Amino acid sequence: MRLATWNVNSVKARLPRLLDWLAGTEPDIVCLQETKCPAESFPVAEVSELGYAAAAHGDGRWNGVAVLSRVGLEEVTLSFPGEPGFAELDGVGAARPEARALGATCGGLRVWSLYAPNGRALDSPHYAYKLAWFAALRDALAEEMGTPLVACGDYNVAPTDADVWDPALFVGATHVTPAERQALAELLDLGLHDVVPTPMKGPHPYTYWDYRAGMFHQNKGMRIDLVYASTDVAERVRKAYVDREARKGKGPSDHAPIVVDLDPIN
DNA sequence: ATGGCGTGTTACACACGA
């Protein structure tokens with residue numbers, strides 16, 4: 001079974017590349033993030049022609065996550081239980097969750113496509129929101145730890161300094177703080193495992209490179225897209241790699257997909 | 001030191017991303 005996760009930075013803008021990549025890579029299950037389209041605008045028909053069922057969760061112009069599967073797509077959950085919204089956007093009322101999480105059961109695997117809040121700056125309310133979102137995610141995933149589980153997506157946290165091209169530039173910034181890394185540690189404490197992909201070039205399995213200033217060309221990137229797998233799934237991992245070919249050429253996303261090949265269940 | 005790119009919007013500059 002082949003599983004993948006990819007922050008596509010607009011599924012509409014990326015559609016030709018996404019379809020080419022699906023046809024060439026032939027994943028069974030794909031988690032997408034930053035689809036940036038309402039669920040009703042998701043290109044269901046186009047991916048269906050390649051044999052994929054699709055479940056999408058969208059807000060409109062921001063965020064948006066989806067799961068594609070050609071091995072079944074059941075028990076779709078939009079947002080995780082207890083997922084907080086960004087309170088300041090909704091004023092005094094209950095904050096509705098943004099479209100940052102979609103769960104589905106595909107081929108015996110419980111799959112989550114996740115797009116963590118960015119956090120923006122340490123003194124921003126978006127940073128507190130990010131930490132609250134991770135705490136609620138931990139509690140939600142704890143309820144599903146009995147079944148084969150993968151929580152894939154753009155976590156917007158670099159797990160270690162080795163996952164950032166220049167840690168000195170990130171002093172005082174989000175994505176690298178002890179609190180954010182503690183949030184990841186607490187997910188691992190549930191019994192999840194970081195499925196670290198093999199880089200296709202260079203020593204670092206970066207998954208994101210800024211569009212500007214030739215960052216990709218210089219391999220100045222970050223590893224912020226992660227695959228967290230329960231023990232039984234992690235033990236089935238035969239191969240995992242960053243598909244940096246998908247970051248090349250004209251009109252790429254700023255993220256590369258992670259592809260994970262799993263052995264069949266014994 | 002700064003910003004460099006790309007996406008979406010009811011746009012024709014701005015918000016956002018990491």
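Just so it is clear, the model here is predicted, and its values are computed rather than measured. A, B, ... follow the sequence lines: proteins, then strands. Residue 1 opens every chain.
Note on A:Asn63: nothing from the nucleic acid sits closer than 4.0 angstrom, heavy atoms only. Contacts of A:Phe170 with the nucleic acid, taken as non-hydrogen atoms under 4.0 Å apart, are absent. When heavy atoms are screened at a 4.0 angstrom cut-off, A:Asn118 is found touching base atoms of the nucleic acid. Residue A:Phe216 is classed as having no contact, given no heavy-atom separation below 4.0 Å to the nucleic acid.
Pairing partner, B:dT9: B:dA13, with both Watson-Crick or wobble hydrogen-bond distances short of 3.5 Å.
Closest to the side chain of A:Arg61, out of B:dA18, B:dG8, B:dG17, is B:dG8. Out of B:dG4, B:dA18, B:dC16, the shortest distance to the side chain of A:Arg212 is found at B:dG4. The A:Ser10 side chain lies nearest to B:dG8 when the options are B:dG4, B:dA18, B:dG8. Ranking B:dG17, B:dA18, B:dG8 by closeness to the A:Lys36 side chain, first place goes to B:dG8.
Straight-line distance between the C1' atoms of B:dT10 and B:dC14: roughly 13 Å, to the nearest whole Å.
In this structure, A:Trp133 has its ring center at least 6.0 angstrom away from the ring center of A:Tyr115. The aromatic ring centres of A:Trp165 and A:Tyr208 sit 6.0 Å or more apart.
Atom CD of A:Glu40 has more than 12 heavy atoms from other residues, nucleotides or ligands within 6.0 Å.
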Worksheet item: Stepwise, does the salt bridge (Lys or Arg N to Asp or Glu O under 4.0 Å) test hold for A:Asp194 with A:Arg223?
Response: CA-CA 12 Å; A:Asp194 183 1; A:Arg223 183 169 84 97; 2.9 Å; yes
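When the nearest nucleotides of DNA chain B are assigned to A:Gly251 and A:Arg120 by heavy-atom distance, the more 5′-ward of the two goes with A:Gly251.
A distance of 14.5 Å separates CG of A:Leu102 from CZ of A:Arg100, quoted to the nearest 0.5 Å.
Dashed line: the shortest gap from a side-chain N or O of A:Tyr208 to OP1 or OP2 of B:dC5 is not under 4.0 Å. Proximity of A:His175 to the phosphate of B:dG17: no side-chain N or O atom is located under 4.0 Å from OP1 or OP2.
A:Asp210 has its CG atom 7 Å from the C1' atom of B:dC5, to the nearest Å.
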